[in-house]
Amino acid sequence: MESTIKFIPIDYDYFDFEGRNYAKVVGRDDKGKKVCLIDNCDVYFWAIVNEGVSEKKIKGICGKIDQIVVDGKVRQSNVLKTEVHNKNFLGKEYRAIKIFVTNSKDAHNIADEIGFKEIFKRREYDLSYITKYIIERKLKPLNWYEITGEILNNSMEFGGIDQNIEVDTVLKVNKIKETKQIPYSPRVLAFDIETDAFEIGEGEILMVSLVGENFKKVITCKQDSKLKYVEKVEDEEELLERFVECVKEYGPDILTGYYSDGFDLPYLRARADKLRVKLSLGLDGSQPKFRRGNVMTGKINGLVHVDLLRFIRVVYSQYMQSETMGLNDVAYELLGEEKDDWEFIPTKDIRGKKWDEFYGYNLKDSELTYRLFEKIWPDMQEFTRVVQEPLFDVSRYSMSNLVENYIMHNLEEYNEIIEKKPVNDMIGARRAEEKYEGAFVFQPIPGLYENIVFFDFTSMYGSVIVSFNLSRESYLNKKTKGSTEVDIGESKVYFDKDTGFFPKMLNDIIETRKKYKKEYSKDPTNLLKARSNSFKLLANAAYGYLGYFGARYYCREAAASTAALARKEIKKAISGIEKKGYKIVYSDTDSIAFLKGKKTKEDVGDMLKGINSDLPGIMELDLEGFFKRGIWVTKRGGDFGAKKKYALLGEDGKTKIKGFETVRRDWCGLARETQSKILGMILTNGDEKKALEYLKKVIKKVKKREVELDELMMRTKLKRNVEDYKASGPHVVVAKRMKEMGLKVGIGTLIEYFIAESNEKRASVGARAKLVGEKGDYDIDYYLKNQILPAAENIFEVFNVNVNELIEGEKQKGLGDF
DNA sequence: GAAGTGGATATACC
DNA sequence: ACTGGTATATCCACTTC
């Protein structure tokens with residue numbers, strides 16, 4: 001029986017039946033019912049024919065290709081048919097043979113059989129079935145469709161698939177039609193577990209919390225509780241079973257956790273395996289499956305498992321202040337709320353009321369995760385719609401992957417055949433290429449400045465790429481009529497005047513970003529800001545993508561040209577500003593700072609307009625803001641201004657600190673706080689006297705050993721495994737010791753230590769580095785000479801005050817008496 | 001044994 | 001390995017006088 005429903009695709013999967021591929025798409029209808037679509041699409045790849053090969057010859061080749069059969073271990077695969085089309089490849093038209101095959105997984109093997117000298121390239125055999133399916137059938141994630149098809153009800157089709165999947169309707173698709181978009185909020189369930197041991201599967205799972213809409217629960221096999229949300233079960237087996245039941249009852253579209261790819265989900269699975277319980281969370285009754293890559297990834301059939309940490313890392317981390325990407329810091333920054341306090345103690349020592357505290361802590365984690373998800377969802381949704389890959393993948397993609405998939409899913413309108421992913425030797429060759437020259441950074445003159453204006457180019461690199469048509473497909477081997485010449489230093493390179501698909505697509509992204517930025521200026525919510533930022537990120541990543549060795553559309557010349565033209569344009573803007581009588585203070589990549597002087601804000605606005613009217617293409621210079629004061633300092637051990645280090649006082653009274661030790665987490669808290677206070681005092685008062693008093697107080701405190709150890713801890717992240725270090729800095733020495741103590745240390749571990757006094761006169765810093773709890777008093781000399789003073793030195797140097805004399809107790813030259 | 005230098009390492013800026 | 005280059009600054013390990 002044929003029926004038509006409204007449908008929004010959420011989760012994509014595929015299966016093989018009688019050697020063919022079928023898509024299994026789970027989503028909702030407009031009444032909120034769960035629906036699973038069964039559908040398929042043509043599976044094919046391309047053989048691009050060399051120029052000048054006759055049609056007769058092409059036909060002959062098609063005939064041979066038609067005969068190809070590949071015997072695999074599991075199945076036999078063969079070519080179904082061939083067609084000849086006119087297609088573009090890197091913007092150029094070719095004759096191309098479309099080769100239809102039985103199974104997507106065998107496309108590569110069949111492509112390997114095609115070795116005719118008339119064939120110039122074989123392409124698109126390296127795409128996943130899901131990607132192909134979305135492109136072919138235009139069933140894009142998180143968009144609404146009208147689906148016509150046959151409802152499978154106790155049908156024997158596909159081996160009785162409809163009886164083995166827990167949805168309200170299973171529909172075999174006949175027709176897909178895009179329809180009016182209606183608002184959609186996914187049904188979300190957040191979860192979090194607490195365990196006995198940190199190592200995956202080593203300890204017992206003590207409890208698991210679940211938070212959804214009007215739903216909260218903690219399931220535990222430990223002590224019973226009067227708390228309403230706590231449900232006590234007999235043992236761990238039952239806990240796992242009950243967890244699965246609760247998830248099923250709630251029926252989420254999305255199951256979300258924080259670091260759940262790396263901890264919660266694999267832990268649950270490992271315990272289930274150990275206790276011989278089936279963790280059948282999948283709608284088809286299957287257990288979560290894990291893919292081991294750089295990081296582990298856990299997939300559940302039919303619902304989307306989202307590990308919030310992965311998406312936050314890629315999309316937000318650069319815009320966040322948090323020093324760690326842990327749930328506590330991230331929730332505090334994005335939600336203004338922290339985790340509950342809870343000190344981990346051995347389970348056997350937890351008694352009475354302590355359990356209730358633990359349950360509350362566990363629940364809070366899920367609550368924070370749930371609310372973080374709500375906060376981030378608009379962006380995740382937006383990215384998924386734009387990139388057009390399943391939510392599961394988009395929430396985990398790296399920036400380059402997001403850019404690349406955006407390109408791949410938008411190539412159809414250019415009639416383009418998709419370029420292949422580079423293979424190993426190609427990647428090696430690209431990585432071996434020399435670095436090209438990057439951004440321009442202005443050498444500042446140290447000093448305290450008043451009334452500073454900041455301009456910045458909106459999405460500068462992106463707008464350069466669009467304005468000058470820089471990309472792999474527009475890159476030319478030689479100069480042609482109307483081509484753009486770019487001097488990249490080592491050579492001159494040329495780009496076509498016809499716009500490539502890459503710059504065109506990038507233009508769309510930049511337009512979208514502008515739209516959100518405008519909305520944000522009218523309605524300054526965090527969310528709109530984040531959204532505008534995420535598109536800015538995508539636009540900026542497009543440039544990095546061009547120079548990334550793993551990119552399908554890698555083009556070093558285009559990347560180098562982008563940087564070269566950006567340098568040229570910002571230098572032009574700088575001299576334009578100077579010509580109007582302003583003094584430039586600083587500039588880095590896409591921003592310019594100068595002194596307002598006696599001019600008015602209107603003058604500045606007019607000047608900006610003038611510069612904008614001369615900018616090429618879509619390039620745009622924007623007013624970032626006015627600042628009351630700003631300070632630039634000298635580079636340590638040099639007598640010139642340090643780049644990428646300055647502090648500003650905004651008109652709103654807020655300070656903005658860049659590059660200083662204050663913002664570096666590998667400096668101790670005391671040095672950072674001291675510096676931050678000093679900068680604040682100097683910027684707000686315009687003089688250094690108060691700040692110097694403050695510094696003296698801090699020094700006295702350090703000398704008297706009145707500083708808490710907590711403020712003296714240094715934090716450094718391991719970027720490799722302990723054994724792989726050639727040089728052992730303090731954090732490596734400490735990490736090695738931690739490892740000997742049986743603690744888990746590896747890539748990404750934040751090593752915390754302080755420097756203690758030593759009897760040995762010339763012991764290295766590393767030899768004096770101690771963990772909390774290790775014996776030793778903090779080294780007064782080290783903290784003064786290597787932390788507090790260096791952090792203050794360059795700032796006071798601006799006022800000709802030498803703070804180094806402070807620790808000897810000498811009087812100041814530059815200040816006189818006070 | 002002090003001083004200087006280059007490499008390794010981490011982190012920030014845009 | 002999972003966007004790019006530019007820049008500061010530390011500590012270690014080595015060389016030099």
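Below, read A as the first sequence line, B as the second, and so on, with proteins coming before strands; counting in each chain starts at 1.
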J.: May I ask you to say what A:E437 touches in the nucleic acid, namely base, sugar-phosphate or nothing, with a heavy-atom cut-off under 4.0 Å?
T.: sugar-phosphate

J.: Between A:D307 and A:R396, is there a side-chain N and carboxylate O pair less than 4.0 Å apart?
T.: no

J.: Would you say C:dC11 has OP1 or OP2 under 4.0 Å from some side-chain N or O of A:N786?
T.: yes

J.: Whole angstrom is fine here: how far is it from OH in A:Y753 over to P in C:dC11?
T.: 8 Å

J.: Going through the checks in order, is the salt bridge (charged side-chain N to carboxylate O under 4.0 Å, His left out) test met by A:E569 and A:K572?
T.: CA-CA 5 Å; A:E569 290 303 325; A:K572 257 167 64 186; 3.4 Å; yes

J.: For a quick test of reading the model: is some side-chain N or O of A:Y436 closer than 4.0 Å to OP1 or OP2 of C:dT6?
T.: no

J.: Could you tell me whether A:R737 and A:E774 make a salt bridge, using a distance below 4.0 angstrom between a side-chain N and a carboxylate O?
T.: yes

J.: Indicate, with a heavy-atom threshold strictly under 4.0 Å, whether A:S591 touches base, sugar-phosphate, or nothing.
T.: nothing

J.: Is the shortest side-chain N/O distance from A:R636 to OP1 or OP2 of C:dT10 below 4.0 Å?
T.: yes

J.: Work out how much the helix from B:dG1-C:dC17 to B:dC14-C:dG4 bends between its end axes, five pairs an end, to the nearest 10 degrees.
T.: 10°

J.: Do A:Y461 and A:D590 pair up side chain to side chain, a donor and an acceptor below 3.5 Å, judged on atom types alone?
T.: no

J.: Between A:Y646 and C:dT8, does any side-chain N or O lie under 4.0 Å from OP1 or OP2?
T.: no

J.: Is any NZ, NE, NH1 or NH2 atom of the basic residue among A:R768 and A:D779 found under 4.0 Å from an Asp or Glu carboxylate oxygen of the other?
T.: yes

J.: Please confirm whether A:K635 makes a cation-pi placement over A:F640, using NZ or CZ under 6.0 Å from the six-membered ring centre and within 45° of the ring normal.
T.: no

J.: Taking only side-chain nitrogens and oxygens of A:S400, does any of them come within less than 4.0 Å of OP1 or OP2 of C:dT3?
T.: yes

J.: Verify the contact: side-chain N or O of A:K645 to OP1 or OP2 of C:dT8, cut-off strictly under 4.0 Å; return yes or no.
T.: no

J.: With a cut-off of under 6.0 Å to the ring centre and 45° to the axis, is A:R431 in cation-pi contact with A:F549?
T.: yes

J.: Using the ring pair (Phe, Tyr, Trp, His ring centres under 6.0 Å) definition, which of the options A:F501, A:Y548, A:Y475, A:Y406 pairs with A:Y553?
T.: A:F501

J.: Can the ring centroids of A:F495 and A:F468 be said to lie less than 6.0 angstrom from one another?
T.: no

J.: CD of A:E661 versus P of C:dT8: gap in Å, rounded?
T.: 12 Å

J.: Would you say the side-chain atoms of A:N804 and A:E793 include a donor-acceptor pair closer than 3.5 Å?
T.: yes

J.: Does the ring center of A:Y646 lie less than 6.0 Å from the ring center of A:F660?
T.: no

J.: Under a 4.0 Å heavy-atom cut-off, which of residues 559-576 of chain A touch DNA chain B?
T.: none

J.: Scan nucleotides 4-12 of chain B nucleotide by nucleotide, 5' to 3', and note B when protein non-hydrogen atoms come under 4.0 Å of the base, S if they reach only the sugar-phosphate, - if neither.
T.: ----SSBBS

